[in-house]
2 protein chains.
Amino acid sequence: MKKILVAVDGSRHSDKALKAVKDLLRLNDSLAITVLYVIDIPNNVLAHQAGEISPAVFEEQARINAETVLARARDFFRIDGFEVQTLSKYGHPATVICKVAEYEGYDMIVVGSRGLGAVKGLFMGSISSKVAHLAPCPVLIVK
Amino acid sequence: MKKILVAVDGSRHSDKALKAVKDLLRLNDSLAITVLYVIDIPNNVLAHQAGEISPAVFEEQARINAETVLARARDFFRIDGFEVQTLSKYGHPATVICKVAEYEGYDMIVVGSRGLGAVKGLFMGSISSKVAHLAPCPVLIVK
């Protein structure tokens with residue numbers, strides 16, 4: 001277990017995922033950590049088509065939001081002296097997370113049990129359960 | 001992250017869960033590992049009611065099977081110099097796993113993505129998805 005991919009979306013459960021990864025780093029600081037934010041433009045644009053924001057403006061806002069969440073993640077690790085890589089990608093979150101893990105040979109994926117988009121009371125966040133289904137490696141689901 | 005509970009049923013995915021835990025132990029050998037086998041008597045007895053084996057005989061066979069799987073798990077760790085605790089309990093697997101984790105303050109649960117009972121092609125093993133839903137702590141689902 002060397003390379004860990006932690007997916008974030010800025011939600012409370014994704015903060016808990018970052019905390020779990022920091023706990024793993026405290027056990028072994030040679031782990032290589034990548035924090036991934038997937039910008040889910042198609043879904044978000046569809047959701048906002050009825051609104052007043054144009055897709056281009058929305059895409060720019062989503063990109064800024066991704067950068068903000070990733071910068072916060074870097075700071076969260078840096079405060080304890082850990083350096084992590086960050087990465088943002090466009091696409092369907094579960095698919096992108098699993099493809100990155102597969103193509104770049106990650107040993108473990110860490111996700112929050114529910115993300116921003118999940119409806120409270122659902123059996124599990126759809127993203128975390130899809131990741132657990134599609135992943136090429138062990139998946140740590142953080143509650 | 002100090003105490004890890006790994007649930008086994010003797011299946012190929014549960015062997016992979018043990019391997020993932022050994023990888024974690026290699027990162028940090030101060031982790032306390034408990035290997036748990038849950039003997040699901042009610043379901044098993046129901047499944048065998050139509051057969052020739054009496055519930056009492058079946059229960060005894062299930063207990064022997066649990067001991068065999070747990071002894072194999074101990075050997076799997078011991079061969080690399082690691083000592084682990086083993087534990088068997090009766091009940092519904094997901095419920096028992098989560099209750100043990102909660103009452104005994106485990107920091108992480110590790111389960112295989114599919115157990116012996118799961119039908120191939122199901123979205124995920126029903127036990128691993130129930131554990132991910134009910135767990136009081138992070139759950140590592142091993143593929």
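Proteins get letters first, then strands, A, B, ... in listed order; numbering begins at 1 in each.
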When rounded to the nearest 0.5 Å, the distance separating CG of Leu24(B) from CG of Leu24(A) is 7.0 Å
Which distance, rounded to the nearest 0.5 Å, do you find between the NE2 of His133(B) and the CD1 of Ile141(A)? 12.0 Å
Asn28(B) and Asn28(A), any side-chain heavy atoms less than 4.5 Å apart: no
Find the distance between CG (Leu27(A)) and CG (Leu31(B)) and round it off to the nearest 0.5 Å. 5.5 Å
Under a 4.5 Å heavy-atom cutoff, which of Pro138(B), Pro136(B), Cys137(B) has the most pairs with chain A? Pro138(B)
Between Lys143(A) and Val139(B) (side chain of the first, backbone of the second, donor and acceptor by atom type, cut-off under 3.5 Å), is there such a pair? no
Taking atom CD1 of Ile64(A) as the centre, does the number of heavy atoms from other residues, nucleotides or ligands within less than 6.0 Å exceed 12? yes
Are Ile97(B) and Leu134(B) linked, directly or through intermediate hydrophobic residues, by side-chain heavy-atom contacts shorter than 4.5 Å (ILVMFWY only)? no
Could you have a look at Ala20(A), Ser30(A), Ala135(A), Ala17(A) and say which one has the most heavy-atom pairs with chain B under 4.5 angstrom? Ala135(A)
Decide if atom NZ of Lys3(B) counts as having more than 12 heavy atoms of other residues, nucleotides or ligands within a radius under 6.0 Å. yes
Nearest heavy-atom contact between Met108(B) and Leu140(A) is SD-CD1, 3.4 Å
Given that the side chain runs from C-beta out, which part of Ile109(A) has a heavy atom under 4.5 Å from chain B: side chain, backbone, both or neither? neither
